[in-house]
Number of protein chains: 2
Amino acid sequence: MNADPVASGCTDVLRDDLGWALGVVFRSYARAASAAFSDVPGGPRGYQVLAAAARSQPGSQQELAGHLGVDRTVMTYLLDDLERAGLIERRPDPADRRARRIAATGRGQDLLGDLDERLRAAEAGVLGGLGAEGDRAAFRELLARLASHVNALDPVSDACSLAPGATASP
Amino acid sequence: MNADPVASGCTDVLRDDLGWALGVVFRSYARAASAAFSDVPGGPRGYQVLAAAARSQPGSQQELAGHLGVDRTVMTYLLDDLERAGLIERRPDPADRRARRIAATGRGQDLLGDLDERLRAAEAGVLGGLGAEGDRAAFRELLARLASHVNALDPVSDACSLAPGATASP
DNA sequence: TATTGTTATACTCTATAACTATA
DNA sequence: TATAGTTATAGAGTATAACAATA
């Protein structure tokens, strides 16, 4: 039987359009992640900030913002919400009194473990379209490699900005 | 400064986050495509509409909107701009006088050939992060397969709604 | 003077609702 | 009654600009 319209000779004009495919997958992922993180301030982005705060030294707010692809003003509001929810804290940076250091609270770290599981489930749902586990792994690897490369090229967001000590930027 | 928790090499905390990687690649692509299509009304989306109008029978505006992941009201404005630029036409549907058929004008078709080349260049720039041609092809194939599957599952946009037309298969 | 973070404002994009003309 | 398309309006999200504190 031909349950799959595409496989059954139904060729999509835009199927070879990388932009269309990226858009479809991105939107699908965004929907799944937003649903999974509906109770987290800032949704998926709130999770990313929380994860960065808990698992790395997210230098300044600006570096974190650049890394996540948002404006620094957006980061302010995002952190406001996360701080109000008691998930992160803004601590003074002893080295630079203009800057703040973002740290996850105990409650934030507890929640993070739960969120990680939800994320895994959401990702599995999206990647389920790739039948074989090998394909899923290959897609993840290629996408991660591509993202790292793109991120390294982009002057706005430095791939190493969240892992200080390894590389220096010009 | 504190020690690097991730340590050894510049490992990115979010590198394994599918959402982060998708976001980085998607934004990178969106920037490249927007720059390439800066003179096209609606930008990248205008191109997609034009391509669908020229190379398939994009049933109704609503079907086309669903396929592109936008609201039907957005499609109205988009088509307004494209029509004003003389790239597409709204023709009455003989079978249903409520509906309109979207068709590319001669000028639209001429422009489309040029846009295709620009798109190829933009895509090559983004995928350049994957060094080997085999990897690029593999990524495209996996992404297209995933998008088709996601699209088929989503009741809003039917993968076959644009199909029965002359399709250019590279 | 340049930079970090904040605030207020304005802009863009998108969705909601109401309307028409058809079915 | 329901649907395709349009229009006007409201909302979310984002960016711009000005500001205070600090380098």
Side-chain angles (χ1 to χ4, degrees), chain A residues 23 26-27 30-31 33-34 37-38 40-46 48-49 53 57-84 88-103 155-158 161 164 169, chain B residues 1 23 26-27 30-31 33-34 37-38 40-46 48-49 53 57-84 88-103 155-158 161-162:
Chain A
F26 181 76
R27 281 192 299 271
R31 271 197 304 271
S34 293
F37 297 144
S38 59
V40 180
R45 218 136 55 177
Q48 290 179 323
V49 169
Q57 256 99 41
S60 64
Q61 291 185 194
Q62 248 181 117
E63 284 173 328
L64 185 54
H67 195 71
L68 264 52
V70 303
D71 195 81
R72 63 177 183 169
T73 60
V74 175
M75 184 56 62
T76 297
Y77 306 133
L78 194 48
L79 292 175
D80 284 349
D81 295 341
L82 289 168
E83 194 166 35
R84 209 174 298 125
I88 60 107
E89 279 176 351
R90 281 187 253 226
R91 297 176 184 165
D93 185 334
D96 186 342
R97 285 197 290 175
R98 294 172 304 181
R100 311 289 171 84
R101 296 202 160 208
I102 310 306
V156 166
S157 55
D158 178 11
S161 61
S169 293
Chain B
M1 312 307 155
F26 182 76
R27 281 192 299 271
R31 272 197 303 272
S34 293
F37 297 144
S38 59
V40 180
R45 216 133 58 176
Q48 290 180 324
V49 169
Q57 259 101 42
S60 65
Q61 291 185 197
Q62 253 184 105
E63 284 173 329
L64 185 54
H67 195 70
L68 265 53
V70 302
D71 195 81
R72 63 176 182 169
T73 60
V74 174
M75 184 57 62
T76 297
Y77 305 133
L78 194 48
L79 293 175
D80 284 348
D81 295 340
L82 289 167
E83 194 166 35
R84 209 174 298 125
I88 60 107
E89 279 177 350
R90 280 188 253 227
R91 297 175 183 164
D93 185 332
D96 186 340
R97 285 197 292 177
R98 294 172 304 180
R100 311 290 170 84
R101 296 203 161 207
I102 309 305
V156 167
S157 54
D158 178 11
S161 60
L162 296 178

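Just so you know, these numbers come straight off a predicted model, no measurement behind them. In what follows, chains carry the letters A, B, and so on, assigned in the order in which the sequence lines appear, proteins first and then strands, with residues in each chain numbered from 1. The figures that follow rest on heavy atoms only: side chains count, while hydrogens, waters and symmetry mates do not.
Residues A:P94 and A:R101 approach most closely at CD-NE, 4.4 Å, considering heavy atoms.
A 4.5 Å side-chain heavy-atom check between B:R90 and B:I102 finds at least one atom pair inside the cut-off. A 4.5 Å side-chain heavy-atom check between B:V49 and B:L78 finds at least one atom pair inside the cut-off.
Straight-line distance from the CE atom of B:M75 to the C1' atom of C:dA15: 15 Å, rounded to whole Å. Regarding B:R84, its CZ atom lies at a distance of 12 Å from the P atom of D:dT6, rounded to whole Å. In this entry the distance linking CZ of B:R90 with C1' of C:dA21 reads 15 Å, nearest Å. At whole-Å resolution of the value, CD in A:Q62 and P in C:dT6 are 11 Å apart. Rounded to an integer number of Å, the gap from B:L78 CG to C:dA15 P is 13 Å.
Distances shown here put every side-chain N or O of A:Q61 at or beyond 4.0 Å from the OP1 or OP2 atom of C:dT4. Distances shown here put every side-chain N or O of A:T76 at or beyond 4.0 Å from the OP1 or OP2 atom of C:dG5.
Counting non-hydrogen atoms under 4.0 angstrom, B:R101 reaches nothing in the nucleic acid.
Comparing A:V70 and B:D80, the nucleotide of DNA chain D nearest to each residue sits closer to the 5' end for B:D80. Between A:R45 and B:S60, it is B:S60 whose nearest contact on DNA chain D lies nearer the 5' terminus.
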Return a single string for nucleotides 16-23 of chain D, one symbol per nucleotide in 5' to 3' order, where B is base contact, S is sugar-phosphate-only contact and - is none, cutoff 4.0 angstrom on heavy atoms.
BBB--BBS

